[in-house]
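Labels below follow one simple rule: chain letters A, B, ... track the order of the sequence lines, proteins then strands, and each chain is numbered from 1. This one's a predicted model, so the numbers in the text were calculated from it and none came from an experiment.
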There are 2 protein chains.
Amino acid sequence: MDRRPTIADVAKLAGVSRSAVSFALNDRPGLAQETRRRILAAAAELGWRPSRPAQALSRGKAGALGLVLARETDLIGADPFFPAFIAGVESVLSRRGDALVLHVTDPADEAATYRRLAVDRRVDGVLLTDLRVDDRRPALMAELGLPAVVVGDPEGAQGLCAVSLDDRPAFAAAVRELAALGHRRIAHVAGPQEFRHARRRREAWEQAMRAAGLEPGPVLPGGFTAEGGANATLELLARGADRPTAVIYANDLSATAGLAVAQRQGFTVPGDLSVVGYDDTPLAAYTHPPLASARADAQGWGAAAARALDEVITAGRADHVELAPAELRMRGSMGPAPEAPSGAASSTH
Amino acid sequence: MDRRPTIADVAKLAGVSRSAVSFALNDRPGLAQETRRRILAAAAELGWRPSRPAQALSRGKAGALGLVLARETDLIGADPFFPAFIAGVESVLSRRGDALVLHVTDPADEAATYRRLAVDRRVDGVLLTDLRVDDRRPALMAELGLPAVVVGDPEGAQGLCAVSLDDRPAFAAAVRELAALGHRRIAHVAGPQEFRHARRRREAWEQAMRAAGLEPGPVLPGGFTAEGGANATLELLARGADRPTAVIYANDLSATAGLAVAQRQGFTVPGDLSVVGYDDTPLAAYTHPPLASARADAQGWGAAAARALDEVITAGRADHVELAPAELRMRGSMGPAPEAPSGAASSTH
DNA sequence: CCCTTCGCCTGAACCGGTTTAGTGCTCGTC
DNA sequence: GACGAGCACTAAACCGGTTCAGGCGAAGGG
């Protein structure tokens, strides 16, 4: 036999009907123990496993989840979140033999990609990440009748199930700690404000500043990129006596770049400037000085999102899930505020 | 009609048989222009697109490619290669409406994952990345009859089609440039030597050293990780007068960590030590000093790999593809060799 | 002893496409 | 005006599973 074995081959070998094989496979009642054993033995002997396309067709379920990444390639590449998140999703799916269908698209083609995913029936549901302010995807999912789960805070979920992980406590803690270290001018280099998480981080910083009795200092866009972080930092440091003594960045990529550019300008970290990031990339503990950052359990997030989406698919709905918040990791890039802000640092270089 | 439209609905609306619709969809000859137009109009009106599971079943093709990542989560997360590579794969697949099925697994489950992918008929072929020395996957693919393409050099491909991008010229160039800058002791912090690409990079460094008339200096394992890079660097710097004046790292992650730890030890870069990485991560241009590195077109690599795999699937075989080699980007972390190697640097800190 | 009940299994329809054999029609040709 | 060719299209089988309505025989009840 050169072709792959089918359910008919197994049935013939076990001396039963195709339906019996199907029953045994999906362990449904109505088969004698002995028969069931014989069928499974026959299946094992032939190395047979059901064809997923055939199963998908007859069950009306694709047995796959979809994930669409609509970021710029460079942004994804530098973000440790997705690989870990995907690994978490996988850990849940692979147990059931389901699969993850990944699409990387230009932001402009995002809606079309979701549409196709739905119309093609290639996936049973999708995970929505990087939710934007006024994101059209929840409405699109409703229109398409495509089960979906929002990976992020429930506020933007528009009725969809949300699986969230609060990043605000980490930002609040960073502000608190910096304030305790004597910092009064703590700037924020924010992510693109069209993203809800970027905006939420900015708000967390702002609230924590007020709570600490401080005037929220300057906010500059960092775009989640190295270039953005560097440029924002340059601008902040050029403010002379008014310059901040600490900067909280929206992510590690911009923070690391900011750290480097500050040093290039002759400032010491944390002597002249304290720096805090977010993501706790593998590199964070190994920069010079080590970068304070916040760690979120991306893998657990992925697993929880997959489970929630599964429930939405089978049960039609699921409750919001709130995971343990991100935790600040204090490292060498945070230090006491300088006594009196030295103007522009002497150009040691 | 609440259920999704099927080919039968389109046929009825257009007043033709289901086969006619199929013919029109796959634009095959044997339909009058007018009929074809009417059918396509009906399909558009109903918003119908063929169900991929049904197509997969009847065509005997899944319409999807598989990619298995068997790295440690942390390693993947820090590597800018995969997101870009995947984006490239996608750019080819999405044109045809095909999909990418991604599996992230523990290295221990790797073989089982490929087996399942093949037996489940969920994909038509797979991309093999991170080839190891004596990798069993090419043999496994042959056993499973699963079309595959090796993303890497042809030597380890064992008869499979290989799509490769030479990283050696970049390493050779780095050695040449450093030698021209007066460096004589150029160390290498290598990736895990079970990986063919890591080994190839080490060999490229070694050959270039000999070609430059230099004795290949010490090689230390860096594991492609930040921690490994930092540890290796510490060890190299502890060698007193014998310490290297330049280090070429197998990737940017270990290089960046090495750069940081050298500075923490009081060495200046590139004054006391020149540093070169590989990958040209988004951060490389924004470290302090900017990290010399090599850029490979990961996206183009993904696209080429996808095309090659496609050819293997349809034609049974494909020729090796050789892409433009990686290019060294010289940056501030490379500088002239120190006059006389200063012993241990004064601990400036 | 006959009739239900129940446990175990089968046959056939079905999922939504593709594909092949074949039908009916027109046209050109000798 | 019969015949073969060619065009436009259809009917039905097929892909490989799942599912549901029975069928059959043995056990249990009256």
Side-chain angles (χ1 to χ4, degrees), chain A residues 1-40 42-43 46-64 97-98 118-122 124 314, chain B residues 1-40 42-43 46-64 97-98 118-122 124 314:
Chain A
M1 153 162 30
D2 43 4
R3 58 184 181 71
R4 299 247 158 87
T6 75
I7 198 172
D9 301 318
V10 178
K12 183 152 39 143
L13 180 58
V16 294
S17 68
R18 296 192 303 150
S19 1
V21 177
S22 179
F23 279 39
L25 178 73
N26 302 295
D27 45 30
R28 291 163 44 138
L31 281 190
Q33 274 305 322
E34 160 59 16
T35 312
R36 188 181 304 276
R37 198 199 50 70
R38 207 174 63 238
I39 293 174
L40 294 180
L46 295 178
W48 174 80
R49 297 237 335 219
S51 143
R52 299 300 301 215
Q55 264 187 338
L57 179 58
S58 56
R59 286 185 178 165
K61 282 211 166 307
D98 286 351
V119 175
D120 287 356
R121 265 89 112 212
R122 204 197 275 281
D124 299 318
T314 58
Chain B
M1 155 162 29
D2 43 4
R3 59 182 180 73
R4 299 246 159 87
T6 75
I7 198 173
D9 301 318
V10 178
K12 184 150 38 138
L13 181 57
V16 295
S17 69
R18 296 191 303 151
S19 0
V21 177
S22 179
F23 279 36
L25 179 71
N26 302 296
D27 44 30
R28 291 161 45 136
L31 282 189
Q33 276 303 323
E34 159 59 15
T35 312
R36 190 182 303 275
R37 200 202 47 73
R38 208 172 63 237
I39 292 173
L40 293 179
L46 294 177
W48 174 82
R49 298 243 327 225
S51 144
R52 299 299 300 215
Q55 266 187 335
L57 180 58
S58 57
R59 287 186 179 165
K61 281 210 169 305
D98 286 350
V119 176
D120 287 357
R121 266 89 110 214
R122 204 196 274 283
D124 300 318
T314 57

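Here the closest non-hydrogen pair linking B:W48 and B:T6 is NE1-C, 3.4 Å. Listed here is the closest heavy atom pair of B:R121 and A:P5: NH2-O, 3.5 Å. In terms of heavy-atom proximity, A:A56 sits nearest to A:A62 at CB-CA, 3.9 Å.
Residues satisfying the side-chain contact (heavy atoms from CB on, under 4.5 Å) criterion with A:L13, sequence neighbours excluded, are A:A42, A:E45, A:L46.
Side chain of A:R28 to backbone of A:F23: no donor-acceptor contact under 3.5 angstrom is found.
A distance of 10.0 Å separates CD of B:E34 from CD1 of B:I39, quoted to the nearest 0.5 Å. For the atom pair CZ (A:R18) and CG (A:D9), the distance works out to 11.0 Å, reported to the nearest 0.5 Å. Note: A:L31 CG to A:R36 CZ = 4.5 Å, rounded to the nearest 0.5 Å. Of the inter-residue distances, the one linking A:S17 atom OG with A:I7 atom CD1 reads 8.5 Å to the nearest 0.5 angstrom.
Across the interface with DNA chain D, nearest-nucleotide mapping of B:R38 and B:L57 shows B:R38 to be the residue nearer the 5′ end.
Ion pairing between A:D120 and B:R4 fails under the 4.0 Å rule for side-chain N and carboxylate O.
Using a 4.0 Å heavy-atom distance criterion, B:L31 is classed as a sugar-phosphate-only contact. Base engagement by B:G30 is indicated by at least one non-hydrogen atom pair under 4.0 Å involving a base atom.
Every pair passing side chain to side chain donor-acceptor pair (under 3.5 Å) that includes a residue from residues 53-64 of chain B is listed here, sequence neighbours excluded: B:N26-B:R59.
Recorded end-axis angle for the helix from C:dC1-D:dG30 to C:dC30-D:dG1 stands at 60°, based on five pairs per end and rounded to 10 degrees.
In the 5' to 3' direction, nucleotides of DNA chain C lying under 4.0 Å from heavy atoms of chain A begin and end at C:dC8 to C:dG16.
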Scan nucleotides 23-28 of chain D against the protein and return all N/O pairs shorter than 3.5 Å with their distances rounded to 0.1 Å.
none

Could you list all N or O pairs between the protein and nucleotides 17-21 of chain D that sit under 3.5 Å apart?
unit_1: D:dG17; atom_1: OP1; unit_2: A:W48; atom_2: NE1; d: 2.9
unit_1: D:dG17; atom_1: OP1; unit_2: A:S51; atom_2: N; d: 3.4
unit_1: D:dG17; atom_1: OP2; unit_2: A:I7; atom_2: N; d: 2.6
unit_1: D:dG17; atom_1: O5'; unit_2: A:S51; atom_2: N; d: 3.4
unit_1: D:dG17; atom_1: N7; unit_2: A:R18; atom_2: NH1; d: 2.8
unit_1: D:dG17; atom_1: O6; unit_2: A:R18; atom_2: NH2; d: 3.1
unit_1: D:dT18; atom_1: OP1; unit_2: A:N26; atom_2: ND2; d: 3.3
unit_1: D:dT18; atom_1: OP1; unit_2: A:Q55; atom_2: NE2; d: 3.1
unit_1: D:dT18; atom_1: OP1; unit_2: A:R59; atom_2: NH2; d: 3.4
unit_1: D:dT18; atom_1: OP2; unit_2: A:S22; atom_2: OG; d: 2.5
unit_1: D:dT18; atom_1: O4'; unit_2: A:S58; atom_2: OG; d: 3.1
unit_1: D:dT19; atom_1: OP2; unit_2: A:R28; atom_2: NH1; d: 2.9

